[in-house]
Amino acid sequence: SVCTGCSRGCSIEVDFMGQDVFRYRPRENEQINKSWMCDHGRLTYKQLGKHRVLQSVIGRGAEGKEAGQKEAVTFAAQKLKPLVGQLAVMVSPTLTNEDLMASLAFAKDVLEVKAAYVSGRPMGQGDHFLLTADKNPNKKGLEWIAKGLGLALKPFSELEAAIDKGSVKALVGFGHEVPVDAEAFAVKAEKLELFVLAATNESKLTAKAHALLAASSHVEDEGTYTQEAGITQRVRRAFPPKGDSAPVWRWTAQLATELGKETKPASSRDVFKMLAPSVPELASYEWDKLAPMNQAKPGIGTLAAAADGRPMGWREQGAPNIRGLSLPKGT
């Protein structure tokens, strides 16, 4: 996989059991991180298990109720349909290229927007080794895709100003992170007459959505990321999407169908094959060949484990569990 903690895009291995990730380890890549990764990146795996949006919600505040994918799509589409051509869209450079291509194509072809606002994480501090100041893993990919699909990108500050002025009253968001104080922007989002948001983690902002679509994380689907120097890397799925979540590209496909413009991608690979030809920088990328599975090595490979036989990082969880099923003590 790829570390998504910053724009460096270090190559990594994801260690997991069942549907729980317990560690990231650096994977050798002489072009990017050699055989290293920073402490910040190592710890970002914890975000995959904390405060996840595992069930979609329709309705805001006290009116909100959990909904299955079909019900959530129908509800969101009914709200979006009369506003086509009047909506604003924000996209996060934390998403994979496949999710970004699907999101921007949906925004242009179905929602009829001409520009998208860039959300994502705020800038931070870097170091002189690996960690970059840009904490978004796919800003380069977003720039390429938007240009290839013919959409302009606007800074997040313009979205805030537009909401304050009332010129943006309906917003569709792909990705829950914003480059400003989330609580402060949530106050602004409360002014929106319609807010549809696909998100992986709960936040002050997700609580303001009229339709919250449960999105899966990057370890739960196949895809690609393009790091700051323009190197594109494949990521492989560790396990199926948690709960009732789904990849962003699947949400856009379902919404498009519900809005009368059917698309039929059955996988992230299909999305890449359909849309990458429109993006010159990605058109020649060999999606099927550039993510080798574990290479055959002489000898017997074993999973690194603690003294009691459990994988590292699992001792703190008490009794071991297998695929979510707790075992009796002493088992």
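In this text the structure is predicted, and so the values were computed from the model without any measurement.
For D134 (side chain) and C6 (main-chain N/O), no donor-acceptor pair under 3.5 Å exists by modelled atom type. Between the side chain of S278 and the backbone N or O of G148 there is no donor-acceptor pair closer than 3.5 Å. The closest donor-acceptor contact from the side chain of S119 to the backbone of V178 lies at 3.5 Å or more, if one exists at all. Side-chain N or O atoms of K261 include none that pairs as donor or acceptor with a backbone N or O of E258 at under 3.5 Å. Side-chain atoms of K208 never come within 3.5 Å of backbone atoms of R60 as a donor-acceptor pair (strictly under, hydrogens ignored). Checking side-chain atoms of D99 against main-chain N and O of L95 turns up no donor-acceptor pair under 3.5 Å. Under a 3.5 Å cut-off, the side chain of N136 and the backbone N or O of P93 do not form any donor-acceptor pair. Looking at D127, its side chain does come within 3.5 Å of a backbone N or O of L130 through a donor-acceptor pair. Proximity of a side-chain donor or acceptor of K108 to a complementary backbone N or O of L149 within less than 3.5 Å is detected. Between the side chain of E193 and the backbone N or O of K169, no donor-acceptor pair lies under 3.5 Å.
Other residues, nucleotides and ligands contribute only 12 or fewer heavy atoms inside 6.0 Å of the CD atom of E183. Within 6.0 Å of atom NZ in K81, 12 or fewer heavy atoms from other residues, nucleotides or ligands are found, so the atom counts as exposed in its surroundings.
Rounding to the nearest 0.5 Å places CD1 of I163 at 12.0 Å from CD of E190. The CD atom of E98 sits 11.0 Å away from atom OG of S103, with the distance rounded to the nearest 0.5 Å. Distance check: F185 CZ to S203 OG gives 10.5 Å after rounding to the nearest 0.5 Å. Remark: T4 OG1 to I12 CD1 distance equals 7.5 Å, nearest 0.5 Å. We find the OG-CZ distance between S245 and R250 to be 11.0 Å, quoted to the nearest 0.5 Å. Annotation: the span from Q227 atom CD to S7 atom OG amounts to 7.5 Å, rounded to 0.5 Å.
Shortest non-hydrogen contact noted between L87 and A170 is CD2-CB, 3.4 Å. Nearest heavy atom pair, residue A67 against residue D244, reads O-OD2, 4.2 Å. Shortest non-hydrogen contact noted between P26 and M37 is N-SD, 3.5 Å. Between S56 and A72, the shortest heavy-atom contact is CB-CB, 3.8 Å. The two residues L213 and L255 make their nearest non-hydrogen contact at CD1-CD1, 4.2 Å. Nearest heavy atom pair, residue T226 against residue W144, reads CG2-CZ3, 3.4 Å.
Using a 4.5 Å heavy-atom threshold, the side chains of L100 and F174 count as separate. Between W287 and T232 the shortest side-chain heavy-atom distance does not fall below 4.5 Å. For the pair N138 and T94, the minimum side-chain heavy-atom distance is 4.5 Å or more. I32 has its side chain within reach of I231: a pair of non-hydrogen atoms, C-beta onward, lies under 4.5 Å apart.
Side-chain heavy atoms closer than 4.5 Å link hydrophobic residues (I, L, V, M, F, W, Y) into clusters, and following such links, even through other members, never connects L171 to V113. Using a 4.5 Å cut-off between side-chain heavy atoms of Ile, Leu, Val, Met, Phe, Trp and Tyr, with links allowed through other members, L159 and M123 fall into different hydrophobic clusters. Put simply, L212 and L194 are part of two different groups of oily side chains (I, L, V, M, F, W, Y) that touch within less than 4.5 Å, one to the next. Both V110 and V196 are part of a single hydrophobic cluster, where members link through side-chain heavy atoms under 4.5 Å apart. One hydrophobic cluster, built from ILVMFWY side chains closer than 4.5 Å, cannot hold both Y117 and L104; they sit in different ones.
Checked for salt-bridge contact, E13 and R236 miss the test: no charged N lies under 4.0 Å from a carboxylate O. With salt bridges taken as basic N to acidic carboxylate O contacts below 4.0 Å, none links K165 and E158. In this structure, D288 pairs ionically with R269, as a charged nitrogen and a carboxylate oxygen lie closer than 4.0 Å. Using a 4.0 Å cut-off between charged nitrogen and carboxylate oxygen, R8 and E228 count as a salt-bridge pair. Taking 4.0 Å as the cut-off between side-chain N and carboxylate O, K242 and D20 count as a salt-bridged pair. With respect to K191 and D164, a salt bridge is recorded, a charged nitrogen being found less than 4.0 Å from a carboxylate O.
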Can you list the steps and then say if E222 with R237 is a salt bridge (Lys or Arg N to Asp or Glu O under 4.0 Å)? CA-CA 5 Å; E222 306 288 312; R237 186 174 82 165; 5.2 Å; no

What do the steps show when you test K70 against T74 for side-chain contact (heavy atoms from CB on, under 4.5 Å), and what is the final call? CA-CA 6 Å; K70 178 60 178 175; T74 300; 3.9 Å; yes

Can you check side-chain contact (heavy atoms from CB on, under 4.5 Å) on R52 and K50, steps first, answer last? CA-CA 6 Å; R52 284 290 302 275; K50 289 183 178 179; over 6 Å; no

Please step through side-chain contact (heavy atoms from CB on, under 4.5 Å) for the pair T206 and L197, ending with a clear verdict. CA-CA 7 Å; T206 60; L197 180 64; 3.9 Å; yes

Steps toward salt bridge (Lys or Arg N to Asp or Glu O under 4.0 Å) verdict (E28, K34): CA-CA 5 Å; E28 189 172 355; K34 297 189 184 296; over 6 Å; no

Begin with the C-alpha distance, continue with both residues' side-chain angles, and end with the deciding distance and a verdict on side-chain contact (heavy atoms from CB on, under 4.5 Å) for V89 and F106. CA-CA 10 Å; V89 171; F106 173 74; over 6 Å; no

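If you look at F16 and F239, their ring centroids are closer than 6.0 Å.
Residues D221 and W249 have side chains that bring a donor and an acceptor to within less than 3.5 angstrom of each other. With no hydrogens or angles considered, a side-chain donor-acceptor pair links E220 and S217 at under 3.5 Å. Residues T224 and N97 bring a donor and an acceptor atom of their side chains to less than 3.5 Å of each other. Between Q233 and S11, the side chains place a donor N or O and an acceptor N or O closer than 3.5 Å (distance only, hydrogens not considered).
Between Y225 and H218, the ring planes are perpendicular. Angles over 60° get that label, and only those under 30° would be called parallel.
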